[in-house]
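Working notes, structure below.
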Amino acid sequence: MAKKILIVDDEPHIVKALALRLKANNYDTVAAYDAMQAMKKAVEEKPDLIILDYKMPAGDGLTVFENLQRMCDLGIVPVIFITAFPDKIVKNKVMEMGAADFIMKPFDTEDLLNKVKKALGDE
Amino acid sequence: MRSGRGIRKKIVLKEEQGEIFGQKVYLESIMSSMTDALIVINPDATLRLVNKAALDLLGYKEDELIGQPMGKIFLQEGDTLHKYFKKIIIAGVAYNVGLTFLTKQGNGIPVNLSGALIQQEGKIIGIVGVARDMRWIMEVISDLEKKDRELEERSKNLTRTQKAMLYMMGDLDIAKKEAEKVSKGLQKLDRFKDELVSTVSHELRTPMTSIRETISLMLDGILGETTEKQRGMLSMCLEDIDRLGRIINNLLDVSRLEGQKEGIKKESVNLTVLVENIITSFHSLAEAKGLEIRRDISPEITMVYVDKDKIMQVFDNLLGNALKFTKKGYIEISIKDKGKELECAVSDTGIGIAEEHLPEIFNKFVQIERVDGPGEKGTGLGLAISKNIVELHQGKIWAEGALGKGAKFIFTLPKQSPEEVLMEGIEKRVASAKREHREFSVFVVRLDNYTDLLGKIKEEGIKELFSKMLEIRNVFKEERTITLKKNDEMIILADVNKQDVPVASARIKRAVKEIFLETDKENEMSFSYGYATYPDGNGSTKGLLEKAESGFISEREERLKKHIMIVDDDPGMVTMIKKTLQSAGYSNFSDAGDGKEALEKINVAIPDLLILDMKIPLMNGYEVIGRLKENVETKDIPVLIISGCAVEIERLDRYVAKKAIPVLEKPWDVHKFRALVAYLL
């Protein structure tokens with residue numbers, strides 16, 4: 001069965017492009033466009049991996065991440081943070097908090113797919 | 001009977017006369033002995049009586065005044081006098097008036113006349129007045145008046161100065177406000193610029209992400225078949241998107257470097273290793289182009305104090321450029337020791353740079369007409385960033401070469417000794433402390449017997465020791481600077497005020513001792529320490545360090561003088577402990593055989609360390625410790641518990657774990673014992 005990936009980003013263009021790319025690589029995708037939706041979809045869809053934008057409306061990615069961590073079934077779902085902030089501090093912060101990986105926008109497709117694979121334990 | 005009565009009357013009269021006579025003499029002697037002038041005035045305003053002090057004051061003889069009108073001795077006119085005396089009469093009691101005596105010589109003497117009515121059977125028979133010479137008080141008053149005038153004058157002057165100062169202060173205030181406004185404006189502008197760059201870069205990256213991924217999806221055929229021509233164009237788009245990403249990154253770098261938001265973080269860097277890493281990272285690219293990367297590095301060059309990441313970026317930029325513009329031949333990295341500085345150079349056998357372009361190539365967005373080779377396109381910012389980085393290191397960067405003859409980029413890095421790096425660190429602190437009107441302190445810790453130690457624990461051991469010592473930074477919460485000045489000396493810069501220095505130096509001492517306790521099993525290490533607080537030492541960097549080093553206190557000497565109390569009911573044990581410590585140099589001991597005696601002695605002289613046997617008579621060790629903890633003065637006395645076999649080990653274990661008191665079990669290891677004592681003192 002194809003693994004399910006929840007893509008969370010307030011930019012629909014990015015979500016769409018990512019979804020196409022991941023589908024082409026045999027992943028199921030679910031999309032959310034803000035923090036509230038992200039929580040809702042995470043609970044409903046029980047994804048295998050979450051790709052989470054760091055900065056979003058209605059609660060940022062960090063809040064979503066922290067909330068997920070508190071839930072016993074979702075706390076174990078790997079989260080890859082994705083951000084356009086060129087800041088090392090952000091990377092260090094999320095990695096320290098227990099994120100599976102970190103991707104910088106704009107991302108290299110190959111790099112993204114490798115990180116997804118790694119986070120899903122499919123390597 | 002009658003005659004008898006008459007005789008009796010006579011006798012009584014005589015007695016009365018005698019009494020009156022006696023009283024008269026008595027009064028006269030009182031009057032003449034008075035230092036204040038006394039006058040008695042008849043109801044007809046003539047003088048009836050004038051005492052000696054009055055005569056002396058007025059310069060008259062007694063017969064010149066008695067029976068004379070009182071106006072003779074007063075400066076005041078008759079009417080005025082009358083008014084005064086009337087007041088006395090109305091008041092009926094003692095009444096004070098200020099009058100002026102007129103002397104025979106015609107001088108006026110201010111007097112305070114205290115007058116009272118003399119009445120007999122309701123009839124006024126005169127006024128008695130005591131006059132006090134008020135000349136002294138007038139002198140005082142005139143003196144006061146003079147001083148008053150002077151003061152007034154001065155205060156006038158003061159007000160003038162004050163006013164001037166106030167004006168000046170007003171001006172200063174305005175100037176200050178203006179400066180604050182400007183500085184705030186600048187800060188705001190700076191922040192705005194930072195935010196702008198950060199936001200713009202974020203906002204640019206987001207659409208770039210979807211564009212890039214869409215192009216990538218098309219290229220990979222996920223959105224349907226594409227022709228080769230289309231793929232060629234899409235590849236170009238992808239390259240340009242990636243270039244745009246690099247430009248944004250470089251712009252951020254430039255903005256940060258120019259704003260000096262990112263100060264350089266210097267550390268000891270092995271330059272040879274750094275260059276080797278760079279060469280390795282370019283290896284495959286060079287190999288693909290059939291280029292050789294050579295190195296010419298003086299063997300003695302190893303350690304430099306630079307910002308590692310930033311210097312790597314410089315080499316990265318220069319080597320990337322060289323590879324890009326060189327088709328055949330080689331690229332060489334050379335580092336030469338030029339005495340005060342190191343000269344690093346990256347040269348190539350490529351197309352070179354026209355001489356007229358040499359001065360401008362370090363400007364932002366300058367890309368001279370060089371035919372690009374394969375690989376990433378430039379951003380026009382690499383050399384500008386390199387220049388910024390080199391200049392932040394107080395170095396210079398320039399280019400040499402001619403068109404067709406290859407290019408050579410050279411930059412210098414000043415050689416800095418650890419001392420110079422330290423001085424630079426302190427200078428920075430001094431500057432910021434000056435700016436923010438703060439104090440900060442310099443602590444110096446020096447190993448006493450470095451050469452001995454070098455023989456025993458070797459250089460590696462000492463390096464390990466000092467790397468542990470660097471952990472002293474954890475003693476303070478804020479970020480500190482800790483530098484090794486020499487092999488055996490460590491400098492700690494800390495935001496510590498003068499009044500907090502004792503606490504801070506105690507913490508540092510404790511931290512150093514903790515490290516010694518872990519490392520030094522033989523208990524042979526000792527250290528000295530010194531400190532100075534800015535703005536000491538004339539506020540200069542050198543002065544500050546000199547002051548810290550001039551007041552070196554040997555921790556060992558300080559420690560050996562400390563007072564150690566040994567409490568044990570076994571005198572043999574007390575002697576043994578003393579001997580063990582005496583052989584280590586300690587000399588100040590006291591002892592007690594039971595708990596009560598111990599507490600009594602502690603109350604007289606508080607020891608610096610208490611070596612305590614728990615099983616002692618009258619009051620056991622637990623209670624002694626408990627009592628000590630109750631008292632503010634004794635609660636911080638360090639305690640070392642000596643435990644014998646007789647003590648219930650379990651209880652003691654629980655106790656010391658809770659109270660964090662070290663225990664030494666009998667029989668003990670002498671070195672461990674001394675190390676513990678040294679740590680606790």
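Letters A, B, ... are given to chains in the order of the sequence lines, protein chains preceding strands, and every chain is numbered from 1. The structure presented is a predicted model; accordingly, all values stated were derived computationally and were not measured.
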Inset, instruction - Flag the pair B/Arg246 and B/Asp242 as a salt bridge only when some basic side-chain nitrogen lies within less than 4.0 angstrom of an acidic carboxylate oxygen. - result: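 Result for this pair is no, no salt bridge flagged.
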
Legend entry - Proximity breakdown for B/Leu223 and chain A, heavy-atom pairs closer than 4.5 Å: side chain

Inset, instruction - Check whether B/Ile222 gets within reach of chain A through its side chain, its backbone, both or neither, counting any heavy atom under 4.5 Å. - result: side chain

Inset, instruction - Would you mind telling me which of B/Ile211, B/Leu217, B/Leu204 has the largest number of heavy-atom pairs within less than 4.5 Å of chain A? - result: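 Option with the greatest count: B/Leu217.
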
Legend entry - Side-chain touch A/Met97/A/Leu62, heavy atoms, less than 4.5 angstrom: yes

Inset, instruction - Pick whichever of A/Lys16, A/Glu11, A/Arg21 has the most heavy-atom pairs under 4.5 Å with chain B. - result: A/Arg21

Legend entry - Top of A/Val15, A/Asp108, A/Ile82 for chain B proximity - count of heavy-atom pairs under 4.5 angstrom: A/Asp108

Inset, instruction - Apply the test salt bridge (charged side-chain N to carboxylate O under 4.0 Å, His left out) to residues A/Glu44 and A/Lys40: give CA-CA distance (whole Å), side-chain angles for both, the deciding distance (0.1 Å), then the verdict. - result: CA-CA 6 Å; A/Glu44 283 170 8; A/Lys40 195 166 168 267; 3.5 Å; yes

Inset, instruction - Could you check A/Asp122 against A/Lys3 for salt bridge (charged side-chain N to carboxylate O under 4.0 Å, His left out), going step by step and ending with a plain yes or no? - result: CA-CA 10 Å; A/Asp122 291 343; A/Lys3 291 199 170 158; 2.9 Å; yes

Inset, instruction - Check each atom of A/Asp53 against the heavy atoms of chain B and say whether the ones under 4.5 Å are side chain, backbone, both or neither. - result: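 For A/Asp53, neither part sits under 4.5 Å from chain B.
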
Inset, instruction - For A/Lys105 and A/Asp9, run salt bridge (charged side-chain N to carboxylate O under 4.0 Å, His left out): C-alpha distance rounded to whole Å, both residues' side-chain angles, the deciding distance at 0.1 Å, then the answer. - result: CA-CA 12 Å; A/Lys105 285 180 193 174; A/Asp9 199 314; 2.9 Å; yes

